[in-house]
Amino acid sequence: MFNTKKILVVGDIMLDSYYIGEVQRISPEAPVPVLLKKSEKQVLGGGANVAVNLKAANQEVKIISVIGKDFAGRQIKKIMEEMDFDISSIIEDKSIKTTEKIRMIGNADQQLLRVDVEEIVLMQEDLEEKLISEVKKYITRTDIVVLSDYCKGVLSSSSTHKIIKIANKYKKQVLVDVKDKNINKYKGAFLIKPNLKELQELSGRTVRTQEEIIETSKFLIKKVDVDNILVTQGSEGMTLVSENEYKHYKASKVEVFDVTGAGDTSISYLA
């Protein structure tokens with residue numbers, strides 16, 4: 001059981017749609033499997049999935065994001081309301097297209113295909129001002145801030161810098177699930193969480209060994225003034241590095257068919 005915290009989640013949220021069925025034949029039109037759909041479901045993705053994980057851990061969650069005035073956006077709000085989330089800080093705007101990830105699931109829960117429906121555009125200045133205004137409104141009522149960056153437009157370099165600056169002003173730790181290759185975007189955060197591939201992209205270095213993970217992480221810590229870097233390594237566990245120390249955590253190996261949302265889960269329970 002975890003102590004209850006007030007956690008502010010800011011970032012990209014999206015709709016994850018699943019079409020589930022069976023494959024019994026190959027299409028006569030092309031050498032591809034035909035999925036006979038049996039059911040479908042829609043769940044929250046991105047930063048909204050982080051919020052779902054936090055709620056499951058009995059945390060008090062406030063989520064701030066921007067979505068479009070479209071079908072996927074309406075579905076996100078509907079699901080969040082059904083789960084008793086406060087959606088008053090979910091900003092809707094017709095200039096934004098809500099991201100939807102559609103997955104086709106076949107026999108033995110195997111993913112056959114993913115279709116992404118999205119249009120990534122930079123937020124207009126007035127939208128960024130609304131986003132930052134919501135952060136300012138809730139920062140003093142927050143214990144910790146989680147930034148869920150999927151590079152879909154909500155966390156631009158400008159908005160990310162502003163949020164981290166506001167959080168630091170009020171001495172609130174910022175944990176960032178990173179996707180952007182621009183490491184300077186996260187300057188001043190308490191912790192960033194890249195996977196091994198993202199660590200290489202952020203540093204421009206080849207990283208293979210545990211020693212290289214530690215060395216590269218310390219290099220980035222000094223470069224962008226972050227306190228900690230947590231490098232997730234799949235079945236090899238994760239390594240937490242600060243300026244003067246490090247620790248490796250082994251993973252418990254289990255058989256899985258779909259790793260969707262693994263990063264969201266790890267940042268949630270870390271928070």
Side-chain angles (χ1 to χ4, degrees), residues 9 11-57 61 63 65 67-85 87 90 92 96-120 148-154 177 179 193-198 232-238 250-269:
V9 178
D12 303 296
I13 62 177
M14 57 195 77
L15 184 67
D16 284 344
S17 297
Y18 293 82
Y19 294 90
I20 304 157
E22 296 179 353
V23 175
Q24 299 175 340
R25 63 192 181 97
I26 300 299
S27 171
E29 302 164 2
V32 295
V34 176
L35 178 69
L36 179 62
K37 193 184 82 167
K38 300 289 187 180
S39 63
E40 63 181 84
K41 66 176 181 179
Q42 294 175 320
V43 298
L44 301 172
N49 187 38
V50 173
V52 169
N53 277 277
L54 288 168
K55 197 174 185 68
V61 189
I63 185 162
S65 189
I67 59 174
K69 289 187 174 182
D70 49 28
F71 172 78
R74 289 192 296 273
Q75 286 298 105
I76 286 172
K77 290 182 66 178
K78 178 174 178 288
I79 296 169
M80 295 193 79
E81 285 180 322
E82 290 172 350
M83 297 183 71
D84 200 29
F85 279 105
I87 63 169
I90 305 295
E92 294 178 278
I96 301 296
K97 185 176 182 65
T98 309
T99 296
E100 181 182 8
K101 294 181 179 180
I102 303 167
R103 296 175 177 88
M104 310 294 180
I105 308 297
N107 305 16
D109 294 323
Q110 291 287 353
Q111 187 174 146
L112 303 175
L113 176 69
R114 194 181 94 181
V115 179
D116 288 1
V117 182
E118 64 182 20
E119 182 181 330
I120 302 170
S148 182
D149 189 6
Y150 274 80
C151 293
K152 305 301 182 186
V154 172
D177 198 355
K179 288 290 184 291
K193 187 193 73 64
N195 59 30
L196 198 55
K197 177 176 178 289
E198 290 159 349
T232 57
Q233 300 151 247
S235 62
E236 298 303 314
M238 55 183 72
K250 293 182 179 179
S252 298
K253 295 185 179 181
V254 294
E255 186 177 359
V256 296
F257 294 102
D258 189 354
V259 297
T260 303
D264 297 334
T265 303
S266 60
I267 197 76
S268 301
Y269 284 88

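The first residue of the sequence shown is numbered 1, and numbering continues consecutively from there.
Nearest approach of Gly68 to Glu92, heavy atoms of both residues: O-OE2, 4.4 Å. In terms of heavy-atom proximity, Glu118 sits nearest to Lys152 at OE1-NZ, 2.7 Å. Pairing each heavy atom of Gly46 with each of Ser148, the nearest pair is C-OG, 3.9 Å. Here the closest heavy-atom approach between residue Val23 and residue Pro33 is recorded as CG1-CB, 3.5 Å.
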Worked verdict on Ile13 versus Ile90 for side-chain contact (heavy atoms from CB on, under 4.5 Å)
CA-CA 10 Å; Ile13 62 177; Ile90 305 295; 4.0 Å; yes

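The CG atom of Asp16 lies 8.0 Å from the CZ atom of Arg114; values are rounded to the nearest 0.5 Å. Separating the OH atom in Tyr150 from the CG atom in Asp264 is a distance of 3.5 Å, to the nearest 0.5 Å. Rounded to the nearest 0.5 Å, atoms CD (Glu236) and NZ (Lys250) are 10.5 Å apart. Taking CE of Met104 as the start and CD of Gln110 as the end, the distance is 16.0 Å to the nearest 0.5 Å. The CG atom of Asn49 sits 7.5 Å away from atom CG of Leu44, with the distance rounded to the nearest 0.5 Å. Between Met14 atom CE and Ser65 atom OG the span is 9.0 Å, to the nearest 0.5 Å.
Applying the 6.0 Å contact sphere to CD of Glu29 captures no more than 12 heavy atoms from other residues, nucleotides or ligands. Within a 6.0 Å radius of NZ in Lys37, other residues, nucleotides and ligands contribute more than 12 heavy atoms.
Partner Asn53 forms a side-chain contact (heavy atoms from CB on, under 4.5 Å) with one of Val9, Thr265, Val61 and no other, that one being Thr265. Checked against Asp12 for a side-chain contact (heavy atoms from CB on, under 4.5 Å), the options Ile67, Ile120, Val154, Thr99 give a single hit: Val154. A side-chain contact (heavy atoms from CB on, under 4.5 Å) with Leu15 is found for exactly one of Val117, Ile102, Ile76, namely Ile76.
Of the possible polar contacts, one joining the Asp70 side chain to the Thr98 backbone as a donor-acceptor pair under 3.5 Å is found. Formation of a donor-acceptor pair under 3.5 Å by the Glu81 side chain with backbone atoms of Lys78 is not found in this model. Put simply, the side chain of Thr232 never gets that close to the backbone of Met238: no donor and acceptor are under 3.5 Å apart.
For the pair Phe85 and Ile79, the minimum side-chain heavy-atom distance is 4.5 Å or more.
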